[in-house]
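Accompanying notes for the structure given below.
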Amino acid sequence: MAAEYNKAEADFFIVALKEEARSVLWKVGSNTDPETLVKGVMEDLQALARSNDGTDTRTDEEIWIQVRERLLKAAYETRPHCIRCGECCSNGSPTLLAEDIALFRNDTLKPADIVTIRCGEPVYSNREEKADTAQAEMIKIRENAGEKTCAFYQKWDKSCSIYESRPQQCHKQECWNPEASEEFVESARLDRKILLEAVPPLWELIKRHEERCSHDEFARSMARLSATKGQTVEEVLEMLRFDYHVREFIAENFGLAPESLEFFLGRPLSAFLGLYGLKLEEEDGSFILSPVE
Ligand code: SF4
Ligand code: SF4
């Protein structure tokens with residue numbers, strides 16, 4: 001009876017493996033037969049099985065995630081090249097590297113096409129799949145509102161409108177080889193200093209804004225606001241006012257399009273108040289902080 005049960009269990013497991021293999025092969029766009037894929041990695045899959053000595057603390061779900069990851073890796077090995085499926089373009093826009101400066105010189109990119117993620121800014125890490133803070137400044141291609149899709153991605157034909165001049169990250173993206181893709185992102189990133197230091201009046205204002213409204217200082221200010229139960233609200237409002245007015249000032253005095261301000265100064269600080277359960281309202285020209293209902 002026990003042997004029959006074990007055979008049924010093993011048969012069910014093989015069927016489940018083939019189904020999972022079919023799913024990952026479809027995801028990566030490979031024509032490989034699911035049974036062939038499973039057979040090719042069977043030894044590795046068997047090594048992932050739970051040990052019977054009572055020391056294995058993994059849950060069934062954790063084991064299945066490891067099985068899926070191994071199958072996915074094997075599926076990518078059957079398709080080690082780009083098929084222009086557009087998945088990476090829909091999963092976050094590229095971070096620009098120093099060599100992408102050429103794209104501004106040939107007018108492929110303009111300030112309104114990019115945003116600055118300032119040091120210390122709350123971000124979502126695709127790699128870690130969790131909330132994080134930016135460890136250094138990054139310039140990224142703008143994403144469509146409410147999505148992670150790159151603004152240059154054309155959904156209707158799954159193409160890139162600047163494909164011939166796409167940024168370095170897009171050139172080097174290898175979904176089938178994630179380790180290689182991660183290495184270059186850590187190499188020389190483009191930042192505002194490289195792009196704007198040669199424009200002294202504007203660069204001085206940006207530095208002044210960073211001194212007064214850095215994300216680190218904003219986070220400290222919000223922590224003080226919470227610790228003092230609102231008594232330091234004026235300090236937070238002062239920072240929000242400066243952030244607001246400097247945007248108006250540089251737009252007017254340097255003739256900058258409003259859409260480009262998220263590159264010159266990063267996203268407005270008021271956009272991050274929701275993380276603290278607060279929102280900013282204007283009443284008779286004054287700013288008021290209030291809780292999000
Ligand atoms: S690199 Fe991007 S576009 Fe190319 S196959 Fe991978 S996910 Fe698709
Ligand atoms: S620039 Fe082009 S290739 Fe790069 S993420 Fe955007 S749409 Fe995709």
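One-based numbering, in listed order, for ligands and for the atoms of each.
Checked by atom type, the side-chain pair Arg224/Gln231 shows no donor-acceptor distance below 3.5 Å. Of the N and O atoms on the side chains of Thr36 and Thr32, not one donor lies less than 3.5 Å from an acceptor on the other residue.
The number of heavy-atom neighbours closer than 6.0 Å to CG of Asp157, taken from other residues, nucleotides and ligands shown, is above 12. For Glu283, the CD atom counts as loosely surrounded, since its 6.0 Å shell holds 12 or fewer non-hydrogen atoms of other residues, nucleotides or ligands.
When hydrogens are left out, the protein atom nearest atom 5 (S) of ligand 1 is Ile83 N, 3.4 Å; that is the closest non-hydrogen contact. Considering only non-hydrogen protein atoms, atom 6 (Fe) of ligand 1 sits nearest to Cys175 SG, 2.4 Å. Ranking the protein heavy atoms by distance from atom 4 (Fe) of ligand 1 puts Cys82 SG, 2.4 Å first.
Salt bridge Lys207/Glu211: absent, no basic N to carboxylate O contact under 4.0 Å. The residues Glu210 and Arg118 are annotated as salt-bridged, a charged nitrogen and a carboxylate oxygen being separated by less than 4.0 angstrom. Using a 4.0 Å cut-off between charged nitrogen and carboxylate oxygen, Lys193 and Asp191 do not count as a salt-bridge pair. In summary, Lys172 and Glu99 engage in a salt bridge, as defined by a charged side-chain N under 4.0 Å from a carboxylate O.
Residue-level proximity to ligand 1 for Lys27 is absent, since no heavy atom of it falls below 4.0 angstrom.
Counting only distances under 2.8 Å, and ignoring water, the protein N, O or S atoms around atom 8 (Fe) of ligand 2 are Cys89 SG.
Residue Cys85: an N/O/S atom is found under 2.8 Å from atom 8 (Fe) of ligand 1.
For Arg79, the closest heavy-atom approach to ligand 1 falls below 4.0 Å.
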Exercise answer: donor-acceptor pairs, residues 249-276 side-chain atoms, under 3.5 Å, sequence neighbours excluded:
| residue | atom | partner | partner atom | Å |
| --- | --- | --- | --- | --- |
| Asn253 | ND2 | Phe249 | O | 2.8 |
| Ser260 | OG | Ala257 | O | 2.6 |
| Arg267 | NH1 | Glu121 | OE2 | 2.9 |

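Counting atoms of ligand 2 from 1 in the listed order, those under 4.0 Å from a heavy atom of Pro167 are 1 (S).
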